[in-house]
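Values below: every heavy atom of this structure, side chains too, minus hydrogens, waters and symmetry copies. Letters go in sequence order (proteins before strands), and every chain restarts at 1.
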2 protein chains.
Amino acid sequence: MRNLLLTLSYDGTDFHGWQVQPNGLSVQQALCDAIERITGVRENVTGCSRTDSGVHANEFCCNFRTENAIDCRRLMGSLNAVLPDSIAVTGCIQVPGFFHARYDCRGKRYVYRVWNSAARNPFLDRYSWHYKSRLDAGFLNAQAQAFVGTHDFTSFCAAGSSVEDKVRIVSSFTVERQGDEVRFIVEANGFLYNMVRIMVGTLIEISENKIEKNKLVDIIDIKDRKYAGRTAPAKGLFLDRVFYEEAIDEKRR
Amino acid sequence: MRNLLLTLSYDGTDFHGWQVQPNGLSVQQALCDAIERITGVRENVTGCSRTDSGVHANEFCCNFRTENAIDCRRLMGSLNAVLPDSIAVTGCIQVPGFFHARYDCRGKRYVYRVWNSAARNPFLDRYSWHYKSRLDAGFLNAQAQAFVGTHDFTSFCAAGSSVEDKVRIVSSFTVERQGDEVRFIVEANGFLYNMVRIMVGTLIEISENKIEKNKLVDIIDIKDRKYAGRTAPAKGLFLDRVFYEEAIDEKRR
């Protein structure tokens, strides 16, 4: 029995997130359908995280075990031939039997894209939040440094999450402008439910003076969702990279 | 009666081209609907060209005459508020009464995007032709120089076109690689029906050795569509810039 690690990228616009849902097509279901068409068996696929409806992935990882002897390269080609155009398999490697795409994940990077111009950009409409008032990326970048470090991010976790330990290590948070686009790039060892979207929404409210500047430290300290800002829309969010131990990542890329 | 020149950009994926069609929503119809909602009058809108189904525009120009006194900036905002998300009005200026978006156009630039990688790119699926075999952009660029100059482009015009004069001046043709993307960029004083898509398809067939290299001069000379290559898919094509006399373009940008 081989354990295979797939790397995907997908446009999440038309999916109900990663995880199988009763009320709509998820990426996991589309992938399970494709694997079943090729191997003849409904395999159990484990994802590195649950992305929400509308969230995209430049890189998403998942693993499954199979008795099938198909070569990794051929499996990749066959999967791409039967998957919807909005999902691509960009890598497939064999990993040790105990490997688990979620538990063995050491960190992730998310990118949140804001189209920051008075005029809409039809080509980024699916891939960004259109925010018209001019953002000061340098100012937001300075403010966002309060997120970096080991913190209890309860204030930045959607209410109702069942996760108990809300301490996460944010290793970097960058806000940068590229022309009319402002990108929020955050790396952490793990993320709470809606964490990036609430972080971005809070920074936006600081730039709107709805939240006082230099208050992020206090908002983290208070551990209460209602003191943070609104949740930025899903469509601007991309899971950008997934980190495993070096040996796996080297083989994977 | 004012004559207004609009600059648009649009994602053509879900439209039946620019021109009003009986069997599907066109960009022109969506725009006329939007103008009618704001001015209360169904105005006659003239486009700079007829783009096909699936073709996109980074820049598209059109003009219409109106008795309405609405200020250009406000009209732009109002149009963007009622237009579908896949169309944006990025400019609106008043032009002389005799100005005509098509007849006064001095040239256009088209960009054709090819995603040139074994793996599909879900984010460029609507915006490029996925072509898996590695293309040599330098070689194709050298071949494409045969297009530059004043030529009768009958061989590169879809059969059945009713245009009589098929002489066009191609001022530049560039093929360049940017990572896994190959871009074909062509500027001319005007374009025949499917001209860019047939030019790209022919260059691709040269790289496939289906058409002999250095034969573009002969294919132009023979003035017969059947000697050129296939028509590249619509979805990779972008109308990129529209050129008018300097005074207009300066005011417009």
Side-chain angles (χ1 to χ4, degrees), chain A residues 6-15 27 30-31 34 55-60 72-92 111 113 115 117-130 132 179-180 233 235-240 252-253, chain B residues 6-15 27 30-31 34 55-60 72-92 111 113 115 117-130 132 179-180 233 235-240 252-253:
Chain A
L6 299 179
T7 303
L8 316 177
S9 68
Y10 58 80
D11 176 338
T13 311
D14 300 326
F15 293 104
V27 177
L31 185 63
V55 173
H56 313 289
N58 290 325
E59 184 172 287
F60 184 96
C72 277
R73 265 202 105 69
R74 268 196 51 219
L75 176 62
M76 228 173 101
S78 306
L79 284 173
N80 282 326
V82 300
L83 279 166
D85 289 340
S86 43
I87 305 176
V89 179
T90 58
C92 176
V111 174
R113 301 174 68 179
W115 178 250
S117 168
R120 179 164 56 219
N121 181 330
F123 304 107
L124 289 183
D125 183 61
R126 296 155 70 95
Y127 307 125
S128 61
W129 179 15
H130 182 202
K132 296 180 187 179
D180 281 335
K235 64 179 184 169
L237 186 61
F238 287 70
L239 176 51
D240 190 52
R252 203 158 64 78
R253 285 182 180 126
Chain B
L6 299 179
T7 304
L8 315 177
S9 69
Y10 58 81
D11 176 338
T13 310
D14 300 325
F15 293 104
V27 178
L31 185 64
V55 173
H56 313 289
N58 291 326
E59 184 172 287
F60 185 97
C72 278
R73 266 202 104 68
R74 269 196 53 217
L75 176 62
M76 228 173 101
S78 306
L79 285 172
N80 282 326
V82 300
L83 279 167
D85 288 341
S86 44
I87 305 177
V89 179
T90 59
C92 175
V111 174
R113 301 174 69 178
W115 179 248
S117 168
R120 175 165 57 220
N121 181 333
F123 305 106
L124 290 183
D125 182 62
R126 297 156 70 94
Y127 307 124
S128 61
W129 179 16
H130 181 202
K132 296 180 189 181
D180 281 337
K235 65 179 183 168
L237 187 61
F238 289 70
L239 176 51
D240 191 51
R252 203 158 64 78
R253 286 180 179 126

Worksheet, complete the sentence: Closest non-hydrogen contact found for Ala119(A) with Thr90(B) is CB-CG2, 4.3 Å

Worksheet item: Given a strict heavy-atom distance threshold of 4.5 Å, which part of Asp125(A) is in contact with chain B: side chain, backbone, both, or neither?
Response: side chain

Item to complete: Please name all residues satisfying salt bridge (Lys or Arg N to Asp or Glu O under 4.0 Å) with Asp180(B), sequence neighbours left out, ordered by chain then number.
Response: none

Discussion item. Taking atom CZ as the centre, does Arg74(B) end up with more than 12 heavy-atom neighbours from other residues, nucleotides or ligands that are less than 6.0 angstrom away?
Written reply: no

Worksheet, complete the sentence: For Phe123(B) and Asp11(A) the tightest heavy-atom approach is CE2-CA, 3.7 Å

Item to complete: Work out which heavy atom in Ala88(A) is nearest to a heavy atom in Arg120(B); give both atom names and the distance.
Response: CB-O, 3.3 Å

Practice prompt. Would you mind reporting whether His130(B) and Asp85(A) have side-chain heavy atoms less than 4.5 Å apart?
Written response: no

Item to complete: Could you tell me which non-hydrogen atom of Ser86(A) sits nearest to which non-hydrogen atom of Pro122(B), and how far apart they are?
Response: O-CB, 3.3 Å

